[in-house]
Asker: 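If you scroll down you'll find the structure; I have some questions about it.
One-based numbering, in listed order, for ligands and for the atoms of each. Predicted model, so just to flag it, every value in this text is computed and none were measured.
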Amino acid sequence: MTDQSGLDYQFDTRVAEQYDVIRGHPAEVSDEIGRAIAAQMPEAARVLELGVGTGRIALPVAAAGCEVYGIDVSAHMLAWLSRRIATEGRDNIHLARGDITALPFREGAFDGAMAVHVLHLVADWADVLEQVSRLVRPGGMLVLGRDWIDPESFSGTLRNTFRRTVVEVGTEMLPPGATAAAPPSGGAAIVKTLMDLGAHPVGEGEVIGAEWQTELTPRQVLDGIRSRDDAESWVLPDDVLTETMRRLDAFAEAQWPDLDAELPVTRRFMLGVFRFGDRARA
Ligand SMILES: C[S@@+](CC[C@H](N)C(=O)[O-])C[C@H]1O[C@@H](n2cnc3c(N)ncnc32)[C@H](O)[C@@H]1O
């Protein structure tokens with residue numbers, strides 16, 4: 001398919017098949033995340049999910065009692081999710097294929113919205129939030145979720161080194177003005193935009209929706225980045241990725257003598273929660 005968003009990567013069949021394997025949460029963690037998000041919404045809320053993907057978040061939120069309306073540009077991700085909805089026999093998830101930069105819903109249609117790992121993929125994320133501020137009724141909620149890996153763990157260290165190395169290598173190899181990574185949409189910029197739109201953060205910053213422990217080997221993390229199963233590496237040109245991996249492999253070998261030894265990693269699912277005010281909507 002043609003990616004309507006005009007981005008230079010595709011959530012194609014390969015990614016759809018791999019997505020739940022790589023990014024999926026353990027079943028009990030998934031349930032906990034669903035309950036944590038639903039708890040931020042009014043009871044039986046109609047909730048719009050931007051970039052619903054394979055339903056990693058939509059399915060547990062629907063299981064926790066919300067009526068979820070998921071939109072996604074990728075037919076492959078939606079096909080995968082449709083199969084899961086049928087298998088689970090869910091009747092409270094509704095899907096639409098479309099671009100979140102042109103949301104096809106009426107004003108005030110939702111009690112809440114949620115976005116997980118999607119706004120950074122859209123250059124004009126601020127306009128998406130502006131649209132969301134109209135589609136969610138006054139007093140409705142927005143939940144921004146994200147996966148968190150302990151930055152002090154070996155996996156966090158590897159990922160941070162990967163990001164630094166991409167910048168180093170990209171600066172050396174790409175033409176002046178080109179950027180090696182996806183368009184940034186940093187947390188502080190999002191909060192400011194939302195506040196300008198009349199939304200207020202609920203509580204003191206993000207809350208922990210779920211926390212769990214996993215064990216991974218350095219080789220698994222390196223291979224995930226190398227094989228482009230990792231969202232941060234699939235946007236990189238081949239030569240930038242190859243040189244980045246050469247440096248990252250050398251770093252890992254010096255740091256961890258046994259790349260196949262399992263090491264503990266603490267993971268969390270974080271929620272940023274906002275409430276839309278009664279601003280006069282222009
Ligand atoms: C990294 S996945 C996240 C999926 C899901 N939110 C999750 O956390 O499991 C990003 C999803 O956003 C979708 N997406 C990216 N750009 C989009 C756009 N402009 N409009 C609609 N969906 C988009 C992709 O097709 C993909 O399914």
Side-chain angles (χ1 to χ4, degrees), residues 1-27 29-34 36-37 47-63 66 68-85 93-105 112-132 135 142-149 159 181-185 190 206 209-210 224-225 228-235 267-272:
M1 68 169 257
T2 306
D3 186 338
Q4 297 169 15
S5 62
L7 297 171
D8 57 355
Y9 51 86
Q10 302 276 319
F11 285 83
D12 57 12
T13 307
R14 185 190 78 94
V15 174
E17 280 172 8
Q18 286 298 309
Y19 196 81
D20 289 347
V21 178
I22 293 160
R23 293 280 197 92
H25 299 120
V29 171
S30 177
D31 292 346
E32 202 179 333
I33 291 169
I37 294 176
V47 176
L48 170 66
E49 182 174 3
L50 307 170
V52 65
T54 56
R56 193 177 67 120
I57 308 300
L59 284 161
V61 170
C66 294
V68 179
Y69 294 77
I71 182 165
D72 202 289
V73 77
S74 163
H76 304 284
M77 299 292 264
L78 290 176
W80 195 259
L81 174 52
S82 295
R83 281 196 288 276
R84 292 188 63 190
I85 291 172
I93 304 185
H94 316 275
L95 301 181
R97 185 174 175 212
D99 193 322
I100 60 170
T101 60
L103 288 165
F105 302 102
M114 55 186 182
V116 180
H117 298 301
V118 63
L119 291 177
H120 66 287
L121 299 173
V122 181
D124 206 354
W125 53 267
D127 182 61
V128 174
L129 291 177
E130 204 280 332
Q131 293 180 47
V132 169
L135 301 181
L142 172 66
V143 171
L144 301 179
R146 68 181 176 99
D147 287 286
W148 177 97
I149 295 175
R159 276 165 194 286
S185 57
I190 287 182
E206 289 179 305
I225 299 172
R228 297 185 183 275
D229 288 335
D230 191 296
E232 289 186 70
S233 55
W234 81 53
V235 295
R267 304 188 57 178
R268 291 179 185 159
F269 192 81
M270 305 298 296
L271 309 182

Asker: Check whether Arg97 reaches the backbone of Val73 with its side chain - one donor and one acceptor, N or O, closer than 3.5 Å.
Answerer: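 Confirmed, Arg97 side chain pairs with Val73 backbone.
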Asker: Can you list the ligand 1 atoms lying under 4.0 Å from a non-hydrogen atom of Val118?
Answerer: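 Atoms satisfying the 4.0 Å criterion: 12 (O).
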Asker: Quick one: which ligand 1 atoms are inside 4.0 Å of a heavy atom on Leu121?
Answerer: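 What qualifies from ligand 1 is 10 (C), 15 (C).
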Asker: Out of Ala96, Gly51, Ala75, Ala123, who gets a non-hydrogen atom closest to atom 6 (N) of ligand 1?
Answerer: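 The option holding the nearest heavy atom is Gly51.
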Asker: Just jot down the ligand 1 atoms closer than 4.0 angstrom to any heavy atom of Gly53, in number order.
Answerer: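 Checking each atom against Gly53, I get 4 (C), 27 (O).
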Asker: May I ask you to check whether Val116 has an N/O atom sitting below 3.5 Å from an N/O atom of ligand 1?
Answerer: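 Between Val116 and ligand 1, an N or O pair is found under 3.5 Å apart.
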Asker: Going by distance only, is there an N or O of Asp99 that falls short of 3.5 Å from an N or O of ligand 1?
Answerer: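 So ligand 1 has an N or O lying under 3.5 Å from an N or O of Asp99.
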Asker: Just to check, does Asp147 reach to within less than 4.0 Å of ligand 1 when the distance is taken from its heavy atoms?
Answerer: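 It does not, in that no heavy atom of Asp147 comes within the 4.0 Å cut-off of ligand 1.
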Asker: State, without any angle test, whether Asp99 and Thr101 hold a side-chain donor-acceptor pair at a distance under 3.5 Å.
Answerer: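 Note: Asp99 and Thr101 side chains meet the donor-acceptor criterion.
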Asker: For Val52, counting its heavy atoms only, list the atoms of ligand 1 lying under 4.0 Å from any of them.
Answerer: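 Here the atoms of ligand 1 in question are 5 (C).
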Asker: What part of Ile100, side chain from CB on, backbone N/CA/C/O, both or neither, has a heavy atom under 4.0 Å from ligand 1?
Answerer: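 Within the 4.0 Å criterion, Ile100 contacts ligand 1 through backbone and side-chain atoms alike.
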Asker: Would Ile71 count as being in polar contact with ligand 1, using the rule that some N or O on each side must be under 3.5 angstrom apart?
Answerer: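 No; every N/O pair is 3.5 Å or more apart.
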Asker: If we ignore hydrogens and angles and just use 3.5 Å, is the side chain of His25 paired with the main-chain N or O of Glu32 as donor and acceptor?
Answerer: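 No, because the side chain of His25 does not come within donor-acceptor range (under 3.5 Å) of the backbone of Glu32.
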Asker: Could an N or O of ligand 1 be found under 3.5 Å from any N or O of Arg56, whether backbone or side chain?
Answerer: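 Yes; the residue has a nitrogen or oxygen that sits under 3.5 Å from a nitrogen or oxygen of the ligand.
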Asker: Evaluate Glu49 for polar contact with ligand 1, using N/O atom pairs at a separation under 3.5 Å.
Answerer: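 Yes; the residue has a nitrogen or oxygen that sits under 3.5 Å from a nitrogen or oxygen of the ligand.
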Asker: Which atoms from ligand 1 have a heavy atom of Gly98 less than 4.0 Å away?
Answerer: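 So the atoms of ligand 1 that pass are 20 (N), 21 (C).
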Asker: Would you say Thr101 contacts ligand 1, with heavy atoms under 4.0 Å as the rule?
Answerer: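 Distance cut 4.0 Å: Thr101 fails for ligand 1.
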Asker: Relative to the heavy atoms of His117, which atoms of ligand 1 are at a distance of less than 4.0 Å?
Answerer: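 Listed by number with element, the hits are 1 (C), 2 (S), 3 (C), 10 (C).
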Asker: Looking at Ser74, which atoms of ligand 1 are within less than 4.0 Å of one of its heavy atoms?
Answerer: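 Heavy-atom distances to Ser74 below 4.0 Å select 25 (O).
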